[in-house]
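Working notes for the structure below.
Sequence positions, counted from 1, serve as the residue numbers for this chain.
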Amino acid sequence: MGAGWVGLVTGACLAELGHEVVVRDVVEDRVRALASGEIPMYEAGLEASVQSAGDRLRFTVDLAEVVDEPRVILVCVGTPAMYSGDADLTAVHGVVRELADVGVPEGTVLAMKSTVPVGTGTTIRKELDDQGLGHVGYVSNPEFLAEGTAVKDFMQPDRVVVGGDDDAAADRVAQLYVALDAPIVRTDVASAEMIKLASNAFLATRISFVNEIANVCDATGADVTEVARGIGLDKRLGPHFLNAGIGFGGSCFPKDVNALKQLAGNSGYHFQLLNAVIEVNELQKRRVVGKLTKHLGPLRGKVVTLLGLTFKPDTDDMREASSLVLASRLIAEGADVRGWDPVAVEQARALLTGVELFSDPVEALADADAAVIVTEWSQIRELPFADVREMMRTPLIVDGRNLLDPAELRKLGFTYEGIGVPSA
Ligand code: UGA
């Protein structure tokens, strides 16, 4: 249920594993496009996966095709944040109501892939029972797919989590994944729900932690990339998610960290650490401004080019991207802001009002006072920096992702500032 990013990747990969999959969505245009082979988002390997699934993967708007036999129904609908920070479960409850309206056969299992607060399973169990769906098993089966690598993450997962209070239903869901070479964590529903939220919160905590280390490196002359290498070799700590930069974005970390904080608060617990993780991230997105003014003085009338606008490379997703905060901050400072991205210029048009957008990065840098690397697209490494140096009005690079080699750029005559790397 749901042909969004999670539903599509899950559907295509399960079909690739040999299952018969129907992906149902309520948006007719989307379903029509999918049925004719169009993939509405940029996700590496997804098109190939949909194609290789062949007849085992169908798309429909018709709920009857979902309840025609006792299926595992995977709920892959959105759970966006509300103004309160809590997750909005309207679409999740909508699925239960729809199923109750049409009725489902004995042996059907409802499995929750959407990210939901801990306790949602209990609420849904009651809803199912109250609405005449007591025969439907309920399982929490959270997804751990990162955008850009989602197909690989699905096919080669570190683990699959199956939380069920009913063994038969949980067995059925676990069976979907037996072809994968991965441990299956069988647990209760509430713990499965918490594993998802805690995993994202922990990853976000690592990022905010290394960003604070980077900020202290800036103040003391240490190099955060060296520090991360040294930390990461300790097996207890590991090397992942220690890239300092200008903050995390995307549709998951900001929302899920906040949702866990709210969930704790609603349960009477003040989750201090997550407050800090969120605050550090907000401030980190603005750190570039100080680095620009250090070299350029007041930014009024200065031309600043943002390289990379999506929340991370290899996706066209701009949700909660650092570029959004940064662009509006720079505009407020009076800068003339330009933007370049290899895939998201169209998406950016609606979101980055007041930013002049370019599809050619070199053009975007002509006569600029500063280039700011916001997203570490590999194309940025290939830029003809010697030419760019001649074209820019001020040869300043603020590398918000520590993507480039400072020594090489300095040799070419650039002033280079990274995040937590020595600036001289
Ligand atoms: C994240 C998780 O990595 C997935 O495991 C999870 O399933 C997914 O959320 C979800 O809940 O659906 P995603 O948001 O696609 O995946 O992207 P990540 O690769 O985790 O990156 C998130 C943000 O953190 C990006 O803005 C990235 O630039 C930033 N980041 C990541 C850093 O700043 N430093 C790092 O070392 C790693």
Side-chain angles (χ1 to χ4, degrees), residues 5-6 79-81 85 87 115 142-150 153 196-218 224-225 227-228 231-232 237-262 271-289 291 306-329 341 344 347-348 351-352 372-377 380 398-403 418-421:
W5 179 81
V6 172
T79 53
T115 302
E143 54 87 13
F144 300 97
L145 311 173
E147 290 189 23
T149 55
D153 292 344
K196 167 67 191 188
L197 290 174
S199 298
N200 275 0
F202 203 174
L203 291 168
T205 302
R206 279 179 75 101
I207 300 170
S208 277
F209 178 81
V210 80
N211 281 339
E212 288 217 280
I213 294 290
N215 299 344
V216 181
C217 285
D218 268 341
V224 75
T225 54
V227 175
I231 293 173
L237 300 172
H240 305 290
F241 279 68
L242 286 180
N243 294 326
I246 50 172
F248 58 79
S251 63
C252 304
F253 284 177
K255 168 173 86 80
D256 293 351
V257 174
N258 211 16
L260 182 51
K261 177 190 135 172
Q262 297 306 336
F271 205 142
Q272 295 197 58
L273 191 53
L274 288 188
N275 280 325
V277 168
I278 293 165
E279 191 184 354
V280 167
N281 197 50
E282 285 311 313
L283 295 173
Q284 202 69 15
K285 292 181 183 178
R286 297 151 196 259
R287 254 186 99 72
V288 162
V289 178
K291 289 180 182 279
L306 306 182
L307 298 174
L309 303 172
T310 53
F311 84 94
K312 68 175 195 179
D314 302 318
T315 173
D316 59 0
D317 197 339
M318 290 198 50
R319 283 177 286 179
E320 300 283 336
S322 296
S323 64
L324 301 172
V325 174
L326 193 51
S328 54
R329 188 67 231 125
D341 192 276
Q347 286 88 327
L351 297 167
L352 290 174
V372 180
I373 300 174
V374 181
T375 311
E376 64 275 35
W377 284 99
I380 297 172
V398 178
D399 187 348
R401 298 292 175 184
N402 295 339
L403 173 74
I419 305 290
V421 297

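Heavy atoms only, all atoms of each residue included: Asn281 and Phe248 are closest at OD1-N, 2.7 Å. Between Leu309 and Thr375, the shortest heavy-atom distance links the atoms N-OG1, 3.7 Å. Summarising the geometry of Phe241 relative to Arg206, their closest heavy-atom pair is O-CB, 3.5 Å, with the distance given to 0.1 Å. Annotation for Ile278 and Val257: closest pair CG1-CG1, 3.6 Å, computed over non-hydrogen atoms. Considering every non-hydrogen atom in both Glu143 and Lys196, the closest pair reads O-NZ, 2.8 Å. Summarising the geometry of Ser208 relative to Val277, their closest heavy-atom pair is OG-O, 2.9 Å, with the distance given to 0.1 Å.
At distances below 3.5 Å, at least one donor-acceptor pair connects side-chain atoms of Asp341 with backbone N or O atoms of Thr310. In this structure, Arg401 contributes its side chain and Ile373 its backbone to no donor-acceptor pair below 3.5 Å. With Gln347 contributing its side chain and Asp317 its backbone, the two residues share no donor-acceptor pair below 3.5 Å. A donor-acceptor contact shorter than 3.5 Å links the side chain of Ser322 to the backbone of Ile246. The closest donor-acceptor contact from the side chain of Lys255 to the backbone of Thr79 lies under 3.5 Å.
In this structure, CG on Leu260 lies 12.5 Å from CZ on Phe202, to the nearest 0.5 angstrom. The distance from atom CZ of Phe209 to atom CD1 of Ile231, rounded to the nearest 0.5 Å, is 6.0 Å.
Few gaps surround CZ on Phe144; more than 12 heavy atoms of other groups in view lie less than 6.0 Å from it. Within 6.0 Å of atom CD in Glu282, more than 12 heavy atoms from other residues, nucleotides or ligands are found, so the atom counts as buried in its surroundings.
The side chain to side chain contact (heavy atoms under 4.5 Å, CB included) with Val374 is formed by just one residue from the set Val288, Leu307, Leu306, Ile380; it is Leu306.
Proximity of Asn258 to Leu274: side-chain heavy atoms (C-beta onward) are nowhere separated by under 4.5 Å. The side-chain heavy atoms of Val227 and Cys217, taken from C-beta on, include a pair separated by under 4.5 Å. Between Arg287 and Asn211, the closest side-chain pair of non-hydrogen atoms is not below 4.5 Å. Within the 4.5 Å cutoff, side-chain heavy atoms of Thr115 are placed close to those of Leu197.
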Might you work through the salt bridge (Lys or Arg N to Asp or Glu O under 4.0 Å) test for Lys312 and Glu376, ending with a clear yes or no? CA-CA 7 Å; Lys312 68 175 195 179; Glu376 64 275 35; over 6 Å; no
Would Asp399 and Ile419 count as a side-chain contact (heavy atoms from CB on, under 4.5 Å) here? Give the steps. CA-CA 7 Å; Asp399 187 348; Ile419 305 290; over 6 Å; no
